[in-house]
Amino acid sequence: MKAFGFTQAAIDAAALAVPLAADAAGGFASFEGRVRDRNEGRTVTGLDYEAYEELALAEGARIVEAARARHGAVAARCVHRLGSLAVGDVAVWVGVASVHRAEAFAACREIIDAIKHRLPIWKREHYSDGSRQWVNCEHAAPTVAAFDYSRQQALPEVGEAGQRRLAAATVVVVGAGGLGCAVLTALAGAGVGTIHIVDHDAVDASNLHRQPLFTPADVGRGKADAAAARLAAFNPSIRVQAHGCRFDAAGADALMAGADVIVDCSDNFATKFQVNDAAMRAGKPAVIASVYQYEGQLQVVRADDGGSCLRCQWPEATRDGLVGNCREAGVLGPVPAVLGGLQAMEVLKLLLGLPGQLRDELLLVDLLDLGQRRLRAPRFAACAGACVRIGPSAQPEAIVPSAVIDVEMPLAEAAAGGFRIVDIREPWECAAEPLAVADHEAVPMGKLLGGEFEIAEGERYLFVCAHGIRSRAAAEAFRALGRYNVWSLRGGLAARGSALRT
């Protein structure tokens, strides 16, 4: 006997109650929700029920079992109709058997309330005038207002036409962590019609401070399922599908076939390059971001319009572990929230055709000093017709690890060892905190990557910045061009305090 299930056939309450019978159960309570003939003053002639079944079945079973255990019931069961129903048909049935009637009543009420509040089930009513309308299925009294997009539709660039474009759009979000929670909430709130969430991980207590889609009750639960349930309750007018698996080449192309945009919110390089490669193969745009402590970077890959991709700057994916993730390096909640918000904004720009879209450039954001920089990220010259660095199904295991690029030593020792020290911070940063090494060169990152500084053969260069993010990106950019005599100071000037600087 399944605790929760769907059926296309008429509900037979008597037959459903039989498996619940038990000698110890002196009390039995049931609930039947029927199709009524009127709703908010309109005459109803019938309705249709649809559901995201995979998620609803798992969550429905949890709801029924939790209510049974909480109230000490002997057995409990719930069945919900799908498909077309006529007026008077039973749409949902709940039955609870318990030792005493009070427990049966309480568990029965808890189950039906939770089913109506939490499950991704949608109802479309048919009216006597021939019209149809999807209505909110959440339990509320006396009525539930429809999701209101009036504030964003007031923007002349959005309007009703733009809202229809969003409703018709499909977005794949890879990763439901700090970045993903911000992206998912913003896209669901904007009314993006279909959202796919891909994440193989489970909620951990350490996630909660920066991943507000989850609560302590979700710890141990799959992130994709938990996020999908929360978004379905937040905005019942959209469709959310959970994929509790890794994003890899095996399933990437199928997901991308029906997507308008893919968003990378992962925390590892292998996945980011998988997203990049899938977008390039499908000819779809990808919005990619990453965070490191107080900094972040954002890039939009325009595979649909001849734009550059990650492999234009980094032919080979950076080996995971060379740069610490949030668990290793630490993170404040607002950092992924800000970068995720920027990602969501770029997605909406793409879907709505808004101006100012990021293209062939890298946006660097430092939230400690509120600095923001744009770096050119041009397309690789050999990729005139199509990307020549991406195979049909590249796997992360096939990516050759890059050589060691980070150096961790005091700057005075590096200089004495033959490194030419290049401070790539902005002039105001250098003025506020000068390097304590006399023999160094100050070249802002924009000028460095813009060709205003020559990397001479036979020399060794050590790039330095505040936190090691910009210096590593610069070193990787030069290595992608075949200049392997450049390195980055791991962690930047902040890594070990003044000990590293002298």
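Just the heavy atoms: all of them, side chains too, but no hydrogens, waters or symmetry mates, feed the values below.
- Shown here is Q163, whose CD atom has more than 12 heavy atoms of other residues, nucleotides or ligands within 6.0 Å.
- Of all the heavy atoms in V240 and A232, the pair that sits closest is CG2-N, 4.4 Å.
- Crowding of E457 atom CD: a count of heavy atoms from other residues, nucleotides or ligands under 6.0 Å not exceeding 12.
- Between R376 and E361 there is no salt bridge, since no side-chain nitrogen of the basic residue lies less than 4.0 Å from a carboxylate oxygen of the acidic one.
- Between L362 and L298, every side-chain heavy-atom pair lies at or beyond the 4.5 Å cut-off.
- Counting only distance, with no hydrogens or angles, the side chain of R230 and the backbone of L213 share a donor-acceptor pair below 3.5 Å.
- Between V486 and I455 there is a side-chain heavy-atom pair separated by less than 4.5 Å.
- Not a single donor-acceptor pair under 3.5 Å links the side chain of D199 to the backbone N or O of K223.
- In this structure, R472 is not positioned above the aromatic face of W487 in the sense of NZ or CZ being under 6.0 Å from the six-membered ring centre and within 45° of the axis.
- In summary, of the residues considered (D423, L435, I424), a side-chain contact (heavy atoms from CB on, under 4.5 Å) with C430 occurs for D423 alone.
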**Study point:** Derivation of the side-chain contact (heavy atoms from CB on, under 4.5 Å) call for H243 and L255
**Key:** CA-CA 10 Å; H243 305 269; L255 267 178; 3.8 Å; yes
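- At least one side-chain heavy atom of Y294 sits less than 4.5 Å from a side-chain heavy atom of H467.
- Under the salt bridge (Lys or Arg N to Asp or Glu O under 4.0 Å) criterion, the residue pairs touching residues 434-448 are R420-E441, with sequence neighbours excluded.
- When each of L448, I421, N485 is checked for a side-chain contact (heavy atoms from CB on, under 4.5 Å) with Y461, only N485 meets the rule.
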